[in-house]
J.: 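Structure below; questions to follow.
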Protein chains: 2
Amino acid sequence: MAKEKARDLRAGIALLWGEQDQPTRGPKPSLTPQRIAAAAVEIADAEGLDAVSMNKVAVGFGVSAMALYRYVPGKAELVELMVESVLADVPDPSTAGTDWRERVTAWARRSAEVHRAHPWLLAVTAMRRQLMGPNQLGWLDAALAALEPSGLTAAEQHRVFVLVAGLVRTVAQQDADFDEQHSQEWNSLTGELLDRHADRFPTLTRAIAAGAFAPDPVDPLDFGLARILDGVQLLLDRPTDRA
Amino acid sequence: MAKEKARDLRAGIALLWGEQDQPTRGPKPSLTPQRIAAAAVEIADAEGLDAVSMNKVAVGFGVSAMALYRYVPGKAELVELMVESVLADVPDPSTAGTDWRERVTAWARRSAEVHRAHPWLLAVTAMRRQLMGPNQLGWLDAALAALEPSGLTAAEQHRVFVLVAGLVRTVAQQDADFDEQHSQEWNSLTGELLDRHADRFPTLTRAIAAGAFAPDPVDPLDFGLARILDGVQLLLDRPTDRA
DNA sequence: CAGATGTGTTTAAGGTATATACAGTTCGAG
DNA sequence: CTCGAACTGTATATACCTTAAACACATCTG
């Protein structure tokens with residue numbers, strides 16, 4: 001972050017967009033940036049993002065760590081490629097009918113699926129994003145396309161997109177935080193602490209007693225989408241509020 | 001993450017809650033976990049989270065890196081303390097009137113302020129959260145207290161809390177991504193790419209032309225809160241939908 | 001006034017990314 | 001056909017990082 005490698009921003013772009021001229025001399029490359037990224041994704045899926053090291057990825061291919069640098073400028077760019085790889089399957093809103101709410105819902109669900117399949121995505125995109133690859137832009141395009149029939153202005157569409165994309169991230173984080181036993185442990189440990197300090201957190205204590213933190217049958221994505229899209233619909237119905 | 005240090009979960013708790021018996025023998029400690037955390041926060045604020053190393057923090061106190069381990073079990077716990085430190089000023093919803101929307105809005109604004117002052121907070125809390133300190137629980141308590149007059153059920157209050165807290169994070173991320181010149185560069189580079197691939201991203205191209213990505217005078221937090229809380233109000237007005 | 005119990009330092013081990021120099025391979029131009 | 005340019009992959013080395021372990025010293029308690 002503070003390092004501000006910045007290397008060559010353009011190199012990163014060329015890589016993400018696959019815009020680099022193939023060399024003609026020299027030995028045939030045994031790898032591709034895409035294969036490397038795919039291997040890194042596998043590691044991250046299985047063992048978490050921290051387990052992805054140049055060394056580990058390289059060993060998977062039976063080459064030395066430095067070999068990867070022939071294909072990828074550095075780890076940051078590799079991570080960008082991982083994101084791009086995981087977003088390969090860009091949704092098409094037109095397959096989800098013409099109702100903007102259904103289209104947005106479909107987009108959000110697809111996005112949530114990706115996050116569920118690749119939990120590290122959340123942490124990766126939480127840090128500074130340098131640039132977007134074609135697939136990332138594709139998802140953005142799809143979201144805006146989903147919103148197009150709504151009758152919102154361009155600026156409003158953008159604002160709503162931010163809201164919905166944020167909701168997906170929120171839900172993904174919720175999912176990641178509360179895996180089974182972790183939740184168990186949290187409840188017991190925090191419960192114990194709360195008992196000892198009930199007076200400091202009166203509302204929370206009451207809320208827990210009232211079951212606010214019990215397992216919730218309602219899908220948080222559905223709940224969030226319903227509230228947000230209801231709010232947007234209200235905005236559409238009330239032109240007075242629209243700047 | 002995959003490392004799963006786990007060290008001693010209880011040690012972390014004791015640290016966060018200040019529940020450790022002071023030693024009586026030996027030399028007087030020259031530091032405290034709190035002072036260490038404060039120094040780390042300063043570094044993170046000034047130079048980014050990556051700049052926070054045990055060494056750098058220690059040098060600031062004129063001691064060796066290992067000295068810090070007398071006060072803090074490890075870096076993970078230090079980061080937890082940093083979060084706790086930054087959340088020291090827990091809001092009190094009762095000062096924001098009795099209207100639940102105003103109270104929630106006040107809470108969200110306060111939270112957004114903290115995120116703006118300490119951008120690293122976003123990245124830190126995006127990773128696995130182990131436990132919450134008293135201040136973190138205080139903020140949670142405050143949010144639920146803000147929602148209490150709404151008439152929502154406990155479960156609903158929790159769901160809405162997640163939504164609002166998520167919105168704050170979304171906005172914070174938006175803020176972090178788009179600092180001045182970064183936005184400039186993004187616009188020029190991405191604009192160039194889009195020109196070259198306009199056919200692949202028709203909606204996006206149109207949206208940009210329509211000004212969807214132009215500087216927006218509307219505060220994204222206000223916009224998001226308005227939509228979400230409108231949606232929640234609608235839920236309150238329509239008891240049929242409430243499971 | 002011991003000795004137990006702290007603090008802080010030094011040393012070192014095992015990670016990480018990656019710069020640099022080099023060896024070996026392959027194509028293409030003369 | 002050959003030689004050099006261009007390329008791949010490796011080995012080495014640097015500069016970080018966290019943190020374990022052994023040690024010297026300070027301080028309170030019995």
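In what follows, chains carry the letters A, B, and so on, assigned in the order in which the sequence lines appear, proteins first and then strands, with residues in each chain numbered from 1.
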J.: Applying a 4.0 Å non-hydrogen cut-off, can you work out what B:Met54 is touching in the nucleic acid: base, sugar-phosphate, or nothing?
T.: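 Sugar-phosphate: the residue B:Met54, judged by heavy atoms under 4.0 Å, touches backbone atoms but no base.
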J.: For the pair A:Glu113 and A:Arg109, find out whether any cationic side-chain nitrogen is under 4.0 Å from an anionic carboxylate oxygen.
T.: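 No, A:Glu113 and A:Arg109 are not salt-bridged.
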J.: Nearest to the side chain of B:Pro29, heavy atoms from C-beta on, is which of C:dT7, C:dT18, C:dT9?
T.: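 In terms of side-chain proximity for B:Pro29, the closest of C:dT7, C:dT18, C:dT9 is C:dT7.
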J.: Taking 4.0 angstrom as the limit, do B:Asp89 and B:Arg110 come out as a salt bridge?
T.: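 Answer for the salt bridge query: yes.
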J.: Taking for each residue the nucleotide of DNA chain C bearing the nearest heavy atom, is the 5' side occupied by A:Arg70 or by A:Asn55?
T.: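 So the residue in question is A:Asn55.
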J.: Taking the basic N atoms (NZ, or NE/NH1/NH2) and the acidic carboxylate oxygens, is any pair closer than 4.0 Å for A:Arg159 and B:Asp219?
T.: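 Salt bridge absent between A:Arg159 and B:Asp219.
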J.: Considering every strand and a 4.0 Å limit on heavy-atom distances, what is the contact class for B:Ser64: base, sugar-phosphate, or nothing?
T.: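 The residue B:Ser64 makes base contact.
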J.: Which protein N or O atoms sit under 3.5 Å from an N or O of nucleotides 27-30 of chain C?
T.:
from   : atom 1 : to      : atom 2 : distance (Å)
C:dC27 : O3'    : A:Thr24 : OG1    : 3.0
C:dG28 : OP1    : A:Thr24 : OG1    : 2.7

J.: Touch check for A:Tyr71, heavy atoms < 4.0 angstrom, all strands: base, sugar-phosphate only, or nothing?
T.: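 It contacts sugar-phosphate atoms only.
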J.: Would you mind telling me which residue lines up with the more 5' stretch of DNA chain C, B:Ala67 or B:Pro27, judged by nearest nucleotide?
T.: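 That would be B:Pro27.
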J.: For A:Gln34, does the CD atom sit with more than 12 other heavy atoms under 6.0 Å from it, leaving out its own atoms?
T.: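 More than 12 heavy atoms, drawn from other residues, nucleotides or ligands, come within 6.0 Å of this atom.
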J.: Rounded to whole angstroms, how far apart are CE on B:Met66 and P on D:dA20?
T.: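 These atoms are roughly 7 Å apart.
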J.: Looking at B:Tyr69, does any N or O in its side chain come under 4.0 Å of the phosphate oxygens OP1/OP2 on D:dA21?
T.: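 Answer no for this pair, as no side-chain N or O of B:Tyr69 is under 4.0 Å from OP1 or OP2.
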